[in-house]
Amino acid sequence: MAHTASATLSSRTSSRASQRLNAWTAYTTVGLGALVMLTPFYFLFVFATQSRQELFSLPPPLFFGNDLWANIEILTGRIPFLRNLGWSVYVALASTALTLLFCSMGGTAFALYEFRFKKQLFALVMATMLLPSFMTIIPNFMVMDALGWIDQPRALYVPGAAGAFGIFLMRQSVIAAIPRELIEAARMDGCGEFAIYWRIVLPLLKPALGTLGLATFIASWNNFIGPLVVMRTPDMYTLPLALRTMQSPVDTEWGALMAGTAIATLPLLVLFALASRQLIAGLTAGAVK
């Protein structure tokens, strides 16, 4: 008996030691991965505080410098930076709001309602995801030109307000999160269809809405091809296109460009830090009953 108890105790001790080793191995792996992923951001902010001469010195600077404000002065002197920043914020917020509204409506309709040609229409929506984005550049420009929206911010957020990915994500989320019995009970209580959507569907879709909103905001904020096609005057450029105009073969102020890029990156980092839990909840929604 004593031998058996000793063997059991030894086995438990060995198991605990193995669990601790596995935990430390996992933490170390995650920490190293995070370090590798954060290194480019660190150097981006370091280079934003260096002058053009210091950036090309050997060895390159590894710590923060003293030229941040000088770089910002060069940046604001070369381009209307604050105006471009404002347009980026406006377009990203408008694109996110419209996408959440229309995609949640479309997804709810495909998930909860029965109507003629429903399957065919949903298949048509999904088929649009098969088209490469570059194939829509010329048709999109022609439509925006016909509407008189060239050099107008609405040309950047209206065309993609009901994207196939968003409709698909909302449809799957409604199917997974909202029982039909709940909708029928609301109807029996006299709740109208829009009230059902606003008071029942949307509150239960918060994780999915957070995921779609974050993805839409990031895509709109980083959009370069869209403004390049439909925008004409520098005052109407969004940040990615405005920063690109600072590059030239002979006279690029790299310190100022890094400062502008760092400022443009900050909202995304803050947004991701605030919405990361919502993002994970939205991606894993429906995975576990």
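Starting from 1, each residue takes its place in the sequence as its number.
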**E184 and R180 ion-paired at < 4.0 Å** = no

**Asked** Of the non-hydrogen atoms in P227 and T238, which two are nearest, and what is the gap between them?
**Response** CG-OG1, 3.2 Å

**Request:** Determine the interplanar angle of the F194 and W198 rings, folded into 0 to 90°, and report it as parallel if under 30°, tilted if 30 to 60°, perpendicular if over 60°.
**Result:** parallel

**Prompt:** Should M258 and L44 count as side-chain neighbours, where that means a heavy-atom distance under 4.5 Å?
**Reply:** yes

**Prompt:** Hey, are the side chains of E193 and R187 touching, using non-hydrogen atoms and a 4.5 Å cut-off?
**Reply:** yes

**Request:** Start with the C-alpha distance between M246 and L75, add both sets of side-chain angles, then the distance that settles side-chain contact (heavy atoms from CB on, under 4.5 Å), and finish with yes or no.
**Result:** CA-CA 8 Å; M246 291 189 61; L75 177 68; 3.2 Å; yes

**Request:** Can you establish whether the number of heavy atoms outside Y42 located under 6.0 Å from its atom OH is more than 12?
**Result:** yes

**Prompt:** Between R244 and F224, is NZ or CZ placed under 6.0 angstrom from the six-membered ring centre and within 45° of the ring axis?
**Reply:** no

**Prompt:** Parallel, tilted or perpendicular: which describes the rings of F110 and F115, with under 30° parallel and over 60° perpendicular?
**Reply:** tilted

**Prompt:** Do you reckon W221 sits in the same ILVMFWY cluster as L243, going by side-chain contacts under 4.5 Å, direct or chained?
**Reply:** yes

**Prompt:** Among the clusters formed by ILVMFWY side chains lying less than 4.5 Å apart, do M144 and V158 turn up in the same one?
**Reply:** yes

**Prompt:** Is a donor on one side and an acceptor on the other found under 3.5 Å between the side chain of N71 and the backbone of A259?
**Reply:** no

Check: residues 123-143 side-chain donor-acceptor pairs under 3.5 Å, at least two apart:
unit_1, atom_1, unit_2, atom_2, d
T128, OG1, V125, O, 2.5
T136, OG1, S133, O, 2.8

**Request:** Measure the shortest side-chain to side-chain distance between V174 and L204 over non-hydrogen atoms and say whether it is less than 4.5 angstrom.
**Result:** no

**Asked** So, the side chain of S104 versus the backbone of L101: is there a donor-acceptor pair under 3.5 Å, distance only?
**Response** yes

**Taking every non-hydrogen atom, the tightest pair across P61 and V46** = O-CG1, 4.0 Å

**Message:** Please check this pair: side chain of S57 against backbone of P60, looking for a donor-acceptor N/O pair closer than 3.5 Å.
**Reply:** no

**Message:** Using every non-hydrogen atom in the two residues, find where C103 and A162 come nearest and quote the distance to one decimal.
**Reply:** SG-CA, 4.0 Å

**Item:** Any donor-acceptor pair under 3.5 Å from R83 side chain to D235 backbone
**Value:** yes

**Message:** So does A242 get a backbone contact from the side chain of T245, meaning a donor-acceptor N/O pair under 3.5 Å?
**Reply:** yes

**Other residues, nucleotides, ligands: >12 heavy atoms within 6.0 Å of R199 CZ** = no

**Item:** Backbone of F81 reached by a side-chain donor or acceptor of T76 within 3.5 Å
**Value:** no

**Cluster check V229, W149: I/L/V/M/F/W/Y, side chain < 4.5 angstrom** = yes

**Prompt:** Where the side chain of Y237 meets the backbone of W87, is there a donor-acceptor pair that is under 3.5 Å apart?
**Reply:** no

**Request:** Answer yes or no: is there an ion pair linking D67 with R52, defined by an N-O contact shorter than 4.0 Å?
**Result:** no

**Prompt:** Side chains of L100 and T216: closer than 4.5 Å at any heavy-atom pair?
**Reply:** no

**Prompt:** Are the side chain of K118 and the backbone of Y113 linked by a donor-acceptor contact shorter than 3.5 Å?
**Reply:** yes

**Prompt:** Does W254 reach the main-chain N or O of F56 with its side chain, forming a donor-acceptor pair under 3.5 Å?
**Reply:** no

**Message:** Could you check whether any side-chain N or O of T49 sits under 3.5 Å from a backbone N or O of G65, counting only pairs where one atom can act as donor and the other as acceptor?
**Reply:** yes

